[in-house]
Structures are given as structure tokens and as C-alpha cells.
K.L.:
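Below you'll find the structure I mean.
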Amino acid sequence: MFKVKKMVLALSLLLAFFINATAQSQSKEDACFRPGELWMDNTDTHVNAHGGGILVANGRYYWFGEHKSDTTSSAMVGVMCYSSSDLYNWKNEGIALSVVDDKNSDITRGCVLERPKVVYNKKTKKYVLWFHLELKGRGYNAARVGVAVSERVTGPYKFLRSYRPNPGIYPYNMSEEQKKMTLDIKDYRKSWTPEWYKAVADGLFVKRDLQSGQMSRDMTIYVDDDEKAYHIYASEDNLTLQIAELTDDYQGHTGKYIRVAPAGHNEAPAIFKKDGVYWMITSGCTGWDPNAARMFSSRSIWGPWTQHPNPCIGKDADKTFFSQSTYILPVQEKKDAFIFMADRWTPRHPSNARYIWLPIQFKDGIPFLKWMDKWDLTVFD
Ligand code: DGJ
């Protein structure tokens, strides 16, 4: 009996060793990306920067993202910052923006703080952090954007305010006729009917929220070649995307904004520009569950935006390889090299969510995404 026990123990140890040795994770000193695997930072801990974005500053990449806890998707810590010189190996730079214990603060611990993006403003020499904010205990109803600033890239960032953009202002691409229409949400109790679609396209939700400001959920920030910055966000009950111009200091909205794909149900916008064309990849709206990505292009940020087929091809393309877009990173010192960054959410264990980074490839000038188990930056050469 004792012998059998000993043998079982030896076998278990052998098995544990084998599993450990074959387990894939992207660890320090790695020089490749392994989409979907654990991604270890300099302290041998899985990177905790979800729904994130990347800024290049002082010759380094800075990755900002949501800190996720083990048991809740609410913000218990805040926005994390990591830095890297090669995109493979990341150093934990700590908390860039911390949630607070003051119950009266918009960013009180337990609020929902998602999709942080940082940009640098050359005029003010300040780093500006924008994020989607939901007030604690109010589900996703507040639909606000939040802004914080810092003089140092890694922070600490000082929270300025949260709000709904552009109250009292009609979109730039809304016709005079649409502005004059009387559209009352109470008259459209039934969604997804042809009348309802038409009313949404004509601005039913824009009008509903005209005085409070437009709803602002999933978001990104894009700084164009001429230094103008734009806030791109899921608005109008997640039915319609909006693109809004930011003020010169990148700390507010100018009042100029457009609507894109009314009633198209897009979120998770990510954008890049190549050869004078803006490409935007989004997802559908299925909560934490993956769905098929969508893609749009335009020659002007102000549209018109044209929708293309799903940019993903191959196995699991209809689920964006079980992920959801968050950012598109132009790789430094490489021409036309863009990395599609996405999240594979794990809402039952939020901190375990994985990063799906894939190179954007082009066929006849049109972007496409294909799964890769493992890849490195030489794919761009
Ligand atoms: C999908 C969004 O893209 C995420 O950022 C998050 O808000 C979840 N929905 C919440 O269900």
C-alpha cells in the first residue's frame, strides 16, 4: 500500500513538472507575442492593463489599462501603467490614476472605470488621461467620460472631472431638417421596428440627451497628424458612435462632433490612419461576450464613413478570435506597422483576462486580421 502511495506521488510530481514545463506564458526576456497566453511583467505577474491603450513618450512605450480585480469588474484600484522599450517585456510602473475612498468623488472605489487612453499635449506639456466612467452603484446609466492630467507620463494623474460631452449642441452631420423634427422617445416604445430605425437615424437619442450631453461609454482618443485630438465613443444607448473634437489642450470638447453608423450598435472603437485613410475597427454590443468585429474607413475624420466586411479571417473570425478591440498601435520606426490590441474578457475572474495582439495585414490596401499563436515584430519587415 505504502509503495502504491509513493508511486502515485511520484507520478503526480512528474505530471506537475510536465504541465509546468509546457505551460505557455509570455514572460520577461521573451521576444515574441503569444496572443491569449498569460503575459508576465518584470515582477512575474500577469500584466493588469485591460481595455488599454499605448502612448510613446521619451523613447518608450507606455501601456495604460484598467486594473481588474479577481472577483469584480468594478474599479477597486484604478488605471495601471507599464513601460517597455521593445513591446514584449513590460515593467510595472504602478497606478497612474487611483480610485479614491471619498464616497462623494466620481471616481470612488467601486465605480466603473474603463478603456483609459493617454495622450500628450505639446502646448501644455501635460499628459491627459481619458476614460469611460460609470458612477458607483448606477450600472451603466451615467455613461460619462472622465479626464485626468499629469506632468509625468507615469502619473500620478489628477482627476479633473467627468461629464457627458457637448450638452445643448447638435452634431455637425445632422441636417437642418433632422434638427427641426419632433422626436420623442415616449413615442417609440418598441425598438428595432422600421419606424424606430428611422427615428434613431434621424437623431431620436441625440434629442433625448441634448440637454444632459451625449452618452459616452466605450471610447478611444486619437491624435491626428495636425495635433488635433478626437474622442471616439459609443453613444446613444450604444446604438451610434460619435466622434468629437477635443479642445487644443486636450482637456475638453469643442462642440464639434459627428454621428457614425446610427443604430449600428458598435462599441470598442480602435482607429489608425494609413495613406490618408482612417480605418476604424469596432465590435458589436454583446457585453463581455465576443462577437464579429466591424470595420469602417473614411478619408476625413468627419466622414462619410464606409462600412467594410469583418476584418478577421479564418477560424474564429466570427468571434474576433474570442476578443474585443481596444486600441491600434502604430509600431515606432517601422512603416505601415500597426498592432491590433484586443481583450479576451473573463468576467468571472476579471484579472485573468488575456491580451490578443495581432499584426494588421493588408490585401489590396484593405486591413485584415488573422490568428497567430506566436509572432514577433519581424512580420512587419
Ligand atoms: C463591453 C465593453 O466593451 C466593455 O468595455 C465593458 O463595458 C463591457 N461591455 C461591460 O459589459
Side-chain angles (χ1 to χ4, degrees), residues 47-54 63-80 97 99 106-107 110-118 129-146 162 164 214-222 231-243 260-261 264-271 280-296 310-312 318-328 340-357:
V47 171
N48 202 333
H50 309 276
I54 288 181
W63 178 357
F64 296 87
E66 305 158 26
H67 176 280
K68 291 268 187 218
S69 307
D70 295 343
T71 52
T72 172
S73 291
S74 298
M76 306 311 286
V77 171
V79 177
M80 294 298 295
L97 172 70
V99 292
D106 291 356
I107 57 164
C111 64
V112 170
L113 199 167
E114 294 180 337
R115 299 185 177 268
K117 305 287 178 286
V118 175
L129 190 169
W130 287 90
F131 53 91
H132 165 206
L133 181 80
E134 296 294 346
L135 301 175
K136 185 174 178 182
R138 287 182 43 187
Y140 277 75
N141 289 326
R144 292 190 187 185
V145 67
S162 79
R164 285 186 174 190
Q214 299 297 307
M215 294 176 95
S216 173
R217 291 197 182 123
D218 276 11
M219 54 145 283
T220 192
I221 301 286
Y222 178 69
H231 171 212
I232 306 173
Y233 52 103
S235 191
E236 305 177 31
D237 272 2
N238 277 3
L239 287 165
T240 302
L241 289 167
Q242 294 186 356
I243 302 182
V260 178
H265 235 190
N266 288 280
E267 59 178 7
I271 187 171
M280 178 160 64
I281 299 180
T282 67
S283 75
C285 299
T286 49
W288 299 112
D289 296 333
N291 53 53
R294 292 99 179 271
M295 185 164 71
F296 300 83
N310 179 355
C312 302
D318 60 334
K319 293 277 184 280
T320 317
F321 316 113
F322 298 100
S323 71
Q324 187 184 31
S325 42
T326 182
Y327 194 72
I328 293 170
F340 172 76
M341 293 168 52
D343 298 282
R344 182 174 286 171
W345 302 114
T346 51
R348 269 181 286 181
H349 185 174
S351 60
N352 195 34
R354 304 300 170 87
Y355 307 102
I356 307 300
W357 287 23

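Start at 1 and go down the list; that is how both ligands and their atoms are numbered. Everything quoted here is computed from the prediction, not taken from an experiment.
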K.L.:
Mind checking what makes salt bridge (Lys or Arg N to Asp or Glu O under 4.0 Å) contact with K117, not counting sequence neighbours?
P.N.:
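Once residues adjacent in sequence are excluded, K117 has no partner under the salt bridge (Lys or Arg N to Asp or Glu O under 4.0 Å) criterion.
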
K.L.:
What does the contact table look like for ligand 1 (nitrogen or oxygen on each side, cut-off under 3.5 Å)?
P.N.:
| residue | atom | partner | partner atom | Å |
| --- | --- | --- | --- | --- |
| ligand 1 | 3 (O) | R115 | NH2 | 2.9 |
| ligand 1 | 3 (O) | D218 | OD1 | 3.4 |
| ligand 1 | 3 (O) | D218 | OD2 | 2.4 |
| ligand 1 | 3 (O) | Q324 | OE1 | 3.0 |
| ligand 1 | 3 (O) | Q324 | NE2 | 3.0 |
| ligand 1 | 5 (O) | E114 | OE1 | 3.4 |
| ligand 1 | 5 (O) | R115 | NE | 2.9 |
| ligand 1 | 5 (O) | R115 | NH2 | 3.4 |
| ligand 1 | 5 (O) | D218 | OD1 | 3.1 |
| ligand 1 | 7 (O) | E114 | OE1 | 2.7 |
| ligand 1 | 7 (O) | E114 | OE2 | 3.3 |
| ligand 1 | 9 (N) | G287 | O | 3.4 |

K.L.:
Which salt bridge (Lys or Arg N to Asp or Glu O under 4.0 Å) pairs, counting each pair once, include a residue from residues 234-243, with sequence neighbours left out?
P.N.:
R208-D237, E236-R259

K.L.:
Identify the heavy atoms of G51 and W345 that sit nearest to each other, and give their distance.
P.N.:
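The pair with the smallest heavy-atom distance is N-CH2, 3.8 Å.
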
K.L.:
For R354, what residues pass the side-chain hydrogen bond (donor to acceptor under 3.5 Å, both in side chains) criterion, not counting sequence neighbours?
P.N.:
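Here the qualifying residues are N352.
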
K.L.:
Are the side chain of R294 and the backbone N or O of H265 linked by a donor-acceptor pair below 3.5 Å?
P.N.:
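Side chain of R294 to backbone of H265, a donor-acceptor pair under 3.5 Å: yes, one is there.
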
K.L.:
Report the relative orientation of the aromatic rings in H50 and Y355; use parallel for angles under 30°, tilted for 30 to 60°, perpendicular for over 60°.
P.N.:
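Judged by the thresholds at 30° and 60°, the geometry between H50 and Y355 is parallel.
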
